[in-house]
Amino acid sequence: MKNRLRVLRAERNWSQADLAERLEVSRQSVNAIETGKYDPSLPLAFKLARLFGTTIEGIFEEEL
Amino acid sequence: MICSIKNPAQRRYVIRMWVAAGLCILFAAAAALTFRLSHPRGFFAYLAATLPALPILGALFYTGVYLTEETDEFQRNLLVQSLLGGIGGILALETVWGNLEDLAHAPHLDLIWVYPLFYLFVLISYGLVWLRYR
């Protein structure tokens, strides 16, 4: 699944570690999600959406 | 090393595994000493022989506890995949070796090696899974 995490993070000048701390997950988790190697669960996706003040669709996009 | 682990669930898991490993060595020594000095029979022999396996059962139990305590779903996913790799690896090895023993008269592999080999496969799987998400 494609995502805009890197862009959203850069807009706020957050490092992966900053985002990981806000999400209460490891930096490896953020990296795996950001690079599209791991798709987060719905609760984590909602948490991300809330954190960036957007919707899940505003962050993630299905690869067709 | 343990103090550097930031994740509380992982820290508890590592501490519990070290305690289990220590108890396993202690209980194995106690069981060996019991058999050497008092030659127990029947129920007591079974009891003394089971003693070193108890910390291993505890380690398996606390691996399950870790999976329920870990709040980072990605880390949980890493361990679940590694455990599946470990289970698959030991099942494959035992199946192949069992056939080798039966048919080709390969040397006997004691069941006592199942858990250490399982953990070896878990470690190998963990490395491979980690590389995949790097």
Side-chain angles (χ1 to χ4, degrees), chain A, chain B residues 1-21 58-89 118-134:
Chain A
M1 205 179 291
K2 282 197 290 187
N3 67 75
R4 297 180 55 240
L5 265 189
R6 192 184 296 267
V7 176
L8 292 166
R9 196 166 54 72
E11 283 172 2
R12 285 154 184 82
N13 216 13
W14 290 348
S15 65
Q16 285 187 342
D18 295 332
L19 179 57
E21 201 178 319
R22 285 173 166 84
L23 289 170
E24 295 174 313
V25 298
S26 60
R27 195 197 58 77
Q28 294 98 312
S29 309
V30 169
N31 184 58
I33 296 167
E34 199 171 285
T35 52
K37 290 174 182 166
Y38 176 74
D39 293 329
S41 66
L42 264 181
L44 185 54
F46 273 117
K47 205 171 177 180
L48 275 164
R50 242 190 337 267
L51 190 65
F52 287 116
T54 181
T55 58
I56 290 176
E57 294 93 325
I59 303 174
F60 297 97
E61 190 187 323
E62 197 180 4
E63 279 180 297
L64 298 171
Chain B
M1 186 192 91
I2 292 167
C3 295
S4 67
I5 302 171
K6 286 182 190 165
N7 180 324
Q10 279 180 356
R11 193 167 48 239
R12 279 195 297 275
Y13 177 64
V14 170
I15 291 170
R16 285 163 178 165
M17 289 304 112
W18 276 109
V19 170
L60 288 170
F61 173 75
Y62 279 112
T63 300
V65 169
Y66 167 71
L67 290 175
T68 62
E69 286 181 347
E70 179 56 82
T71 53
D72 186 333
E73 63 180 53
F74 176 70
Q75 295 297 331
R76 202 166 51 229
N77 175 56
L78 285 185
L79 185 64
V80 167
Q81 287 191 53
S82 308
L83 289 170
L84 283 174
I87 292 166
F118 160 71
Y119 241 91
L120 180 70
F121 282 116
V122 171
L123 286 176
I124 293 167
S125 301
Y126 192 87
L128 293 173
V129 172
W130 188 82
L131 279 176
R132 189 177 146 210
Y133 289 114
R134 200 163 60 117

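Only a predicted model underlies this, so the values are computations on that prediction, with no experimental measurement involved. First the proteins, then the strands, lettered A, B, ... as listed; each starts at 1.
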Backbone of A:S41 reached by a side-chain donor or acceptor of B:E73 within 3.5 Å: yes
For chain B, the option from A:S26, A:P43, A:P40, A:A20 that forms the most heavy-atom pairs under 4.5 Å: A:S26
OH-OG1 distance between B:Y133 and A:T35, expressed to the nearest 0.5 angstrom: 10.0 Å
Most chain A-contacting option - heavy-atom pairs closer than 4.5 Å, from B:D72, B:N77, B:L78, B:N7: B:D72
Exceeds 12 heavy-atom contacts within 6.0 angstrom, atom OH of B:Y62: no
Side chain to side chain contact (heavy atoms under 4.5 Å, CB included) between A:Q28 and B:F74, intermediate numbers included: CA-CA 8 Å; A:Q28 294 98 312; B:F74 176 70; 4.0 Å; yes
Other residues, nucleotides, ligands: >12 heavy atoms within 6.0 Å of A:E21 CD: no
Heavy atoms of other groups near A:E11 CD, more than 12 under 6.0 Å: yes
B:R132 to A:K37 - nearest heavy-atom pair and separation: O-CD, 3.5 Å
